[in-house]
Number of protein chains: 2
Amino acid sequence: MTDAAADVVTRLRAALGDRVDTTEAARHEARADKSGHAASGLPLAVVRAQSVDDVQQTLRIASDTRTPVVTRGAGTGLAGGANAGAGEIALSVRDMDRILEVRPDDLLAVVEPGILNGDLNAALAEHGLWWAPDPASRAISTVGGNIATGAGGLLCAKYGVVRDAVLGVDLVLADGRLLQLGHRTVKGVTGLDLTSLVIGSEGTLGVVVGATLKLRRLVPGTVCTVAATFPDVRAAATASAAVTASGVQPSIMELMDAASLRAVHDLLGLDEPTPGAAQLTIQTDGPAADAEADAIAATLRAAGGTVAVTHDRAEGERLLAIRRSMHPAMERLGTSLIEDVSVPRSALPAMFDEIARVEREHGLTIPTVAHAGDGNLHPNFLFSSAGSETGHEDDGTIDVPPAIWAAADDLFRAALRLGGTLTGEHGIGVLKRRWLADELGDDQWELQRQIARVFDPHGILNPGKVFAV
Amino acid sequence: MTDAAADVVTRLRAALGDRVDTTEAARHEARADKSGHAASGLPLAVVRAQSVDDVQQTLRIASDTRTPVVTRGAGTGLAGGANAGAGEIALSVRDMDRILEVRPDDLLAVVEPGILNGDLNAALAEHGLWWAPDPASRAISTVGGNIATGAGGLLCAKYGVVRDAVLGVDLVLADGRLLQLGHRTVKGVTGLDLTSLVIGSEGTLGVVVGATLKLRRLVPGTVCTVAATFPDVRAAATASAAVTASGVQPSIMELMDAASLRAVHDLLGLDEPTPGAAQLTIQTDGPAADAEADAIAATLRAAGGTVAVTHDRAEGERLLAIRRSMHPAMERLGTSLIEDVSVPRSALPAMFDEIARVEREHGLTIPTVAHAGDGNLHPNFLFSSAGSETGHEDDGTIDVPPAIWAAADDLFRAALRLGGTLTGEHGIGVLKRRWLADELGDDQWELQRQIARVFDPHGILNPGKVFAV
């Protein structure tokens, strides 16, 4: 450690005592997220903030010393956006996990950023309320991370994205000043909407230390589940687009291709699925759930699907568990790059054609699941089989080979051609920064960099992520 | 006109021909909006852009010559945000009113900014679709103005605000460059959300020349209307808060106080209402509309209301027409400053107490209606009776007297104390700019100014509005 770096740690420790963790284990953990990708070297320290003041003190020291700060929640990101490396401070807000206020009469809650999404909704359920943003990782991911990445999930077509569900955020700037952005009202147009600007900004504008969340009442009525199999993935994608076009709005509509389905069936010890078959798992909820499920079943049958409908919640959860087992099933197959493109819903069949083309032309297997209700696909670029060491570093982190990036590049450009976007819900982080300007265009990319500099003039907030070349 | 000003007009005319209108009538009209407030002096010219290229050419000339540009739609704003004065170019996008694309399968439309909200929804209805943002002015206001001000309307509690219904905007910057912000997908988190930043930015960041709108299916089922009268406005406000707290979500919930009700009954030739009585008019829609209307009626009766429920659409529209006649009724009473504070819904009764206090302490009558479903109030500060010339300038524009501003100041501060905001849906414009820093705080105010400068380094876009001191 250089003298300057040692000085930073000394100052942090003087201000924050044992909330400054310099153990090798902590610093090692802060290098990576769930993508498996890791930063180079170890961060100087992990600061475990327990209060807004802790965050402000950390930022003041970082600003004084021009030390980069990487904010972390639970480390469940999939784009490397919260990975902290050599010379950086990893600032964890995971311990700031209190619910400060729940107002059923105003349908809002004020929370600290470190609370887990699942824990928040468990607490809100006691009030008959929930917060709709529902990433698949809800049991292990934080509300702050959800906000920082603009995470999505399974329910977005019916219940909106994170931006639709946040009224305000408290933000500590790079120099340690605290701003309260947004409002507590349903409507509010005073000045520029900096709350929305912060959502999805991946730690580049400031540190979110509190959030005012827009809540919903728990949905009354039943939940119906429809499962349908199709001879191939294109037929399943066409059927999902037909459901959207029919005007019936499911709460969940998930698509699994043949390779995904096979891997999960294998993991769960289920019968082997029909070769080539793809599956749609669809849920409806609310007062019209039964009628909507029947209408959807009819659309799926007309599209050539073999369809089963259940009105039993437990049976529905069992069917959905097949989709939820995708990540462990992929991990069993080996190492993969999990991608996250999003396309207009009508373009889903064409996007699956493109994935098949990329598989052929690059000689790869790319098991893919999609949130078909909103057009968000997660192609898994497998690049080493289980047991092989290829792609794995000694410390368990992964290094994506150039050939895989070439295939991903091909896929990204196909999504953009179809009117889509690079990332639906995972963010740019480090893993997709080299494609950012391709989507935004150079003028917008430069404008976004300049806006980030207004918040962070010395560029100490998550440098090397999102906007870095 | 100075030589420099004449040169600007000459250059505009060379580039844009007869789309440059320098008639006194046109320049006069561009000075004011529906607030009645007018800018000082006449703008240099009104440019009636018919294409993106027209807008770009105008901005290039304006940038070259450092001439301020005020973008206008239909001139229905209520905060003076689109008023153009001496030395400025009024840039009208009202003629850019085409629907470029409707995609029922992707639930989106691409439109030009000048289309009227009502015309858009009439065209979308043919596809079984609608765009939810529904300002009371929908018949005369544009989609671009809706986006520029972050306009709201009657349906926001159930169907969201404008930000929830715009996927992307095409923006011409001060220097004439065209940026495409946002995406066509349900989810998208590539880079910073500049689309949301532009929504409600009131012409300070660029000129919106196109928008990709997120559509909904027309709501199936019936519409039920509940009308309830209460002995006083506080009781009506308490009842509306009770409806929100009960968990049933009306599509519309409007409140009229006694003075508003009296004025409208008088205008429409209806029986005089009970002195002091206030009214709630509530609609439910969708598959559960009937059951929801019954549940709401029960809540209102328990809160002391005299309640009538109708399942007849025409009768429901007749009841709602009373609320929709508020503006003409106020105009008949004389000249008023129409305000727009918003508070958390539980604070509605307390806000009506504050309005009564301001009336008492300032010796004023302030007829008030509220979008009670979302907590947005429109107090009308009457300051001259019909027939009097006080407050009216010779040209029909109005000048709000200092005593009225003092009362409004008192009211704004009360709203902020209750956790509210200065403006729910009308914007800051010129009329509320002196309170902007009070709500944002000096640090955030300065940060917002700096962000605007990134888009508009020379400060030619709507100077003197929003951020001006």
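Order of the sequence lines fixes the chain letters, A, B, ..., with proteins taken first and strands second; residue numbering starts at 1 for each chain.
- Using a 4.5 Å cut-off between heavy atoms, A/Ala241 does not touch chain B at all.
- The heavy-atom pair separating B/Gln444 from A/Gln180 by the smallest distance is NE2-O, 3.0 Å.
- Chain B forms the most heavy-atom pairs under 4.5 Å with one residue out of A/Val454, A/Ile451, A/Leu192, and that residue is A/Leu192.
- Top candidate by heavy-atom pairs under 4.5 Å with chain B, chosen from A/Gly128, A/Ala245, A/Pro104, is A/Ala245.
- When heavy atoms are compared at a cutoff of 4.5 Å, B/Pro344 approaches chain A by way of both its backbone and its side chain.
- Interface remark: of the candidates A/Leu440, A/Val161, A/Leu181, A/Val466, A/Leu181 forms the most heavy-atom pairs closer than 4.5 Å to chain B.
- Contacts between B/Asp374 and chain A at a heavy-atom distance below 4.5 Å involve backbone atoms as well as side-chain atoms.
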With a cut-off of 3.5 Å and sequence neighbours excluded, list every side-chain donor-acceptor pair involving residues 150-157 of chain B.
none

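- Annotation: the span from B/Ile199 atom CD1 to A/Asp193 atom CG amounts to 8.0 Å, rounded to 0.5 Å.
- Counting only distance, with no hydrogens or angles, the side chain of B/Asp106 and the backbone of A/Ser346 share a donor-acceptor pair below 3.5 Å.
- B/Thr149 touches chain A through its backbone: at least one of N, CA, C or O sits under 4.5 Å from a heavy atom, while the side chain does not.
- Residues from residues 170-179 of chain A that place a non-hydrogen atom less than 4.5 Å from a non-hydrogen atom of chain B comprise A/Arg177, A/Leu179, given in numerical order.
- B/His426 touches chain A through its backbone: at least one of N, CA, C or O sits under 4.5 Å from a heavy atom, while the side chain does not.
- In this structure, A/Leu197 and B/Leu194 have side chains that are in contact, with non-hydrogen atoms separated by less than 4.5 Å.
- Between the side chains of A/Thr185 and B/Thr421, not a single donor N or O lies within less than 3.5 Å of an accepting N or O.
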